[in-house]
Amino acid sequence: MSLKPLRPLSYQHRHDQDFQKALNKAAKQYLHDNADHRFADGRFYAKSAVLLLCCLGSYFAALLLDTPWAFFVFYPCFVCFALLLAINLVHDASHNAIFKHAKANYWLNFWITIPLGLDPECWRVRHIIFHHAHTNIRHYDLDIEENFVLRQTPYQRWYPFMRAQHLYWPLIAAMTFPALIWFFDWMDRFHFTRVAPHMRHQGQQGILAFIMAKLLHLVMAIVIPAIVLHDISLGTLLLTYVLSQMFASLIFVVLILGTHWAKATFYTPPKEGNMPHGFYTHTFSTTYDWQTTPRWLTYWLGGLNLHLTHHLFPNWNHRHYPALAKIIEQTAKQFSMDYHCISAKELFVYQQRFLKEMGSGKQLDEH
């Protein structure tokens, strides 16, 4: 990745101005009608408490039961509940959509990410500053950076083994968290990527907070279990740790990245730095909403399946997403915007079709 700063990109907001006004007006009316606000509520806090108790309960069960079967059952559960905490809390807190005060969201992120090991500040910059503002735009969206093992854009290099990428992509998805936690987080924090200049805390303060979080994660996930568990070897512990993270990673990537693959629309940045369309048009062209079965899973998955909704209302707590999705659908019809909420099966079919096309070396249309 080049460290050279990228030219700022702008969107032609006048193209979407009427749609934006109508959408925001409807969203404000929804809050007014329900005497509500865009942040978390008591039900959200209750759900968060349940997930936290499940996470810590699984952790202590793996340690205190002190038997191999308990470890192999409850330790992966601990990591999966850590993922659900990240999905439900870290995602919203990064967008300042839980508490009204940014510092409260920051400190929540610091502690909630300890079990999973992901640095919340590195992820916040990658997700919000690079991905949200530049979805599927070459060089700007770090989620689609070339990795030489999975061809996920039409302008990336092709290799013969990629013909099978529609079969092996779950392995690459499973490696995402381990790669972020133990490679890219470090590259980001120590200025080997374009991420570090956008972080809140620079210099010694930022490095100390980063190192402290990583050490706390190691102590919790590896050191304490290694001391307490007498029947589990260090090698077995490390293998279980990695496999658990890989499983959690696979779940997360399927939820959040597949919606952009399914649309299969990518852009190259124009030389003058001005996108030829508005931000809302861009979001509709790159992102899907999809529906869970059963539908109540949407709430426990932090609304990540309503991904178009999230991109249009990133600073709203995910408890509002189902209502906002209906507002988007109604407003989109008025302005002939192409809104679809597809099924999970359709999402998988679109993903596979796209990965096969990219794996064949086919050049999809670039914009």
Side-chain angles (χ1 to χ4, degrees), residues 44-91 108-120 123 168-182 185 213-258 292-305 344 348:
F44 174 91
Y45 296 134
K47 177 179 71 166
S48 301
V50 168
L51 291 175
L52 182 60
L53 288 173
C54 289
C55 181
L56 295 179
S58 298
Y59 178 73
F60 286 113
L63 297 183
L64 300 180
L65 293 178
D66 198 18
T67 60
W69 72 265
F71 172 76
F72 292 123
V73 170
F74 287 108
Y75 191 90
C77 287
F78 154 64
V79 176
C80 287
F81 279 115
L83 170 68
L84 285 176
L85 279 171
I87 289 175
N88 282 274
L89 277 77
V90 175
H91 194 215
L108 176 67
N109 268 355
F110 179 86
W111 292 108
I112 289 296
T113 51
I114 297 300
L116 192 61
L118 195 68
D119 183 77
W123 187 82
Y168 69 72
W169 78 267
L171 177 62
I172 307 304
M175 290 301 298
T176 299
F177 273 5
L180 284 173
I181 293 167
W182 298 114
D185 277 357
K214 292 295 184 185
L215 286 176
L216 287 172
H217 170 69
L218 277 177
V219 168
M220 183 179 191
I222 303 297
V223 175
I224 293 177
I227 294 173
V228 173
L229 297 171
H230 305 293
D231 297 329
I232 305 296
S233 68
L234 180 60
T236 301
L237 171 60
L238 291 174
L239 179 62
T240 306
Y241 167 80
V242 171
L243 291 177
S244 299
Q245 278 196 342
M246 289 176 65
F247 180 68
S249 176
L250 175 61
I251 295 173
F252 181 77
V253 173
V254 168
L255 287 174
I256 200 167
L257 189 59
T292 58
T293 303
R295 293 200 173 192
W296 57 261
L297 278 175
T298 294
Y299 189 69
W300 290 94
L301 293 177
L304 288 188
N305 56 297
F348 178 76

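Values below: every heavy atom of this structure, side chains too, minus hydrogens, waters and symmetry copies. We count residues from 1, following the sequence as given.
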S.K.: Who are the side chain to side chain donor-acceptor pair (under 3.5 Å) partners of T292, not counting sequence neighbours?
M.R.: T298
S.K.: Taking atom CG of L83 and atom CG of L51, what is their separation to the nearest 0.5 Å?
M.R.: 10.5 Å
S.K.: Just verifying a value: how many Å separate I227 CD1 and I222 CD1, rounded to the nearest 0.5 Å?
M.R.: 11.5 Å
S.K.: List the atom of N109, the atom of T113, and the distance in Å for their closest heavy-atom pair.
M.R.: O-OG1, 2.7 Å
S.K.: Only counting residues at least two apart or in another chain, list the ones meeting side chain to side chain donor-acceptor pair (under 3.5 Å) with Y241.
M.R.: W182, H217, Q245
S.K.: Quick one: OG on S58 to CZ on F81, what's the gap to the nearest 0.5 Å?
M.R.: 5.0 Å
S.K.: Does any part of the side chain of C55, heavy atoms only, come nearer than 4.5 Å to the side chain of Y59, both counted from C-beta?
M.R.: no
S.K.: Tell me which donor-acceptor pairs under 3.5 Å the side chains of residues 68-76 have, and how far apart each pair is, sequence neighbours excluded?
M.R.:
{"residue": "W69", "atom": "NE1", "partner": "T67", "partner atom": "OG1", "Å": "3.0"}
{"residue": "Y75", "atom": "OH", "partner": "A221", "partner atom": "O", "Å": "2.7"}

S.K.: Return the minimal non-hydrogen interatomic distance between A174 and P178, and the atom names on each side.
M.R.: O-CD, 3.4 Å
S.K.: CD1/I87 to CD1/I251 distance, rounded to the nearest 0.5 angstrom?
M.R.: 7.5 Å
S.K.: Could you tell me which residues satisfy side-chain contact (heavy atoms from CB on, under 4.5 Å) with L171, sequence neighbours excluded, listed by chain and number?
M.R.: M246
S.K.: Is the shortest heavy-atom distance from the side chain of I224 to the side chain of V219 under 4.5 Å?
M.R.: yes
S.K.: Which word best sums up how the rings of F252 and W123 line up, parallel for under 30°, tilted for 30 to 60°, or perpendicular for over 60°?
M.R.: perpendicular
S.K.: Could you tell me if the side chain of P225 sits less than 4.5 Å from the side chain of L63, heavy atoms only?
M.R.: yes
S.K.: Got a sec, which residues hit side-chain contact (heavy atoms from CB on, under 4.5 Å) with I112, two or more places apart in sequence or on another chain?
M.R.: L85, L89, V90, L108
S.K.: Is a side-chain donor or acceptor of S249 paired with a backbone partner of A173 at a separation under 3.5 angstrom?
M.R.: yes
S.K.: Run the side chain to side chain donor-acceptor pair (under 3.5 Å) test against D185 and tell me which residues pass, sequence neighbours left out.
M.R.: K214
S.K.: Can you tell me how far apart NE2 (H91) and CG (L304) are? Round to the nearest 0.5 Å.
M.R.: 5.5 Å
S.K.: Can you name the side-chain contact (heavy atoms from CB on, under 4.5 Å) partners of F60, sequence neighbours left out?
M.R.: L56, L64
S.K.: Donor-acceptor pairs under 3.5 angstrom involving side-chain atoms of residues 230-237: please list them, not counting sequence neighbours.
M.R.:
{"residue": "H230", "atom": "NE2", "partner": "V228", "partner atom": "O", "Å": "3.4"}
{"residue": "S233", "atom": "OG", "partner": "T236", "partner atom": "N", "Å": "3.2"}
{"residue": "S233", "atom": "OG", "partner": "T236", "partner atom": "OG1", "Å": "2.8"}

S.K.: Just grab all the side-chain hydrogen bond (donor to acceptor under 3.5 Å, both in side chains) pairs involving residues 219-229, residues at least two apart or on different chains.
M.R.: none
S.K.: Please give me the minimum heavy-atom distance between A248 and V79, naming the atom from each residue.
M.R.: CB-CG1, 4.1 Å
S.K.: In chain order, what residues pass the side-chain contact (heavy atoms from CB on, under 4.5 Å) check against I114, with sequence neighbours excluded?
M.R.: W111, A213, L216, M220
S.K.: To the nearest 0.5 Å, what is the distance between CG (L301) and OH (Y299)?
M.R.: 12.5 Å
S.K.: Which pair of non-hydrogen atoms, one from L116 and one from A82, has the smallest distance, and what is that distance?
M.R.: N-CB, 4.1 Å
S.K.: Could you tell me which non-hydrogen atom of L118 sits nearest to which non-hydrogen atom of L180, and how far apart they are?
M.R.: CD1-CB, 3.7 Å
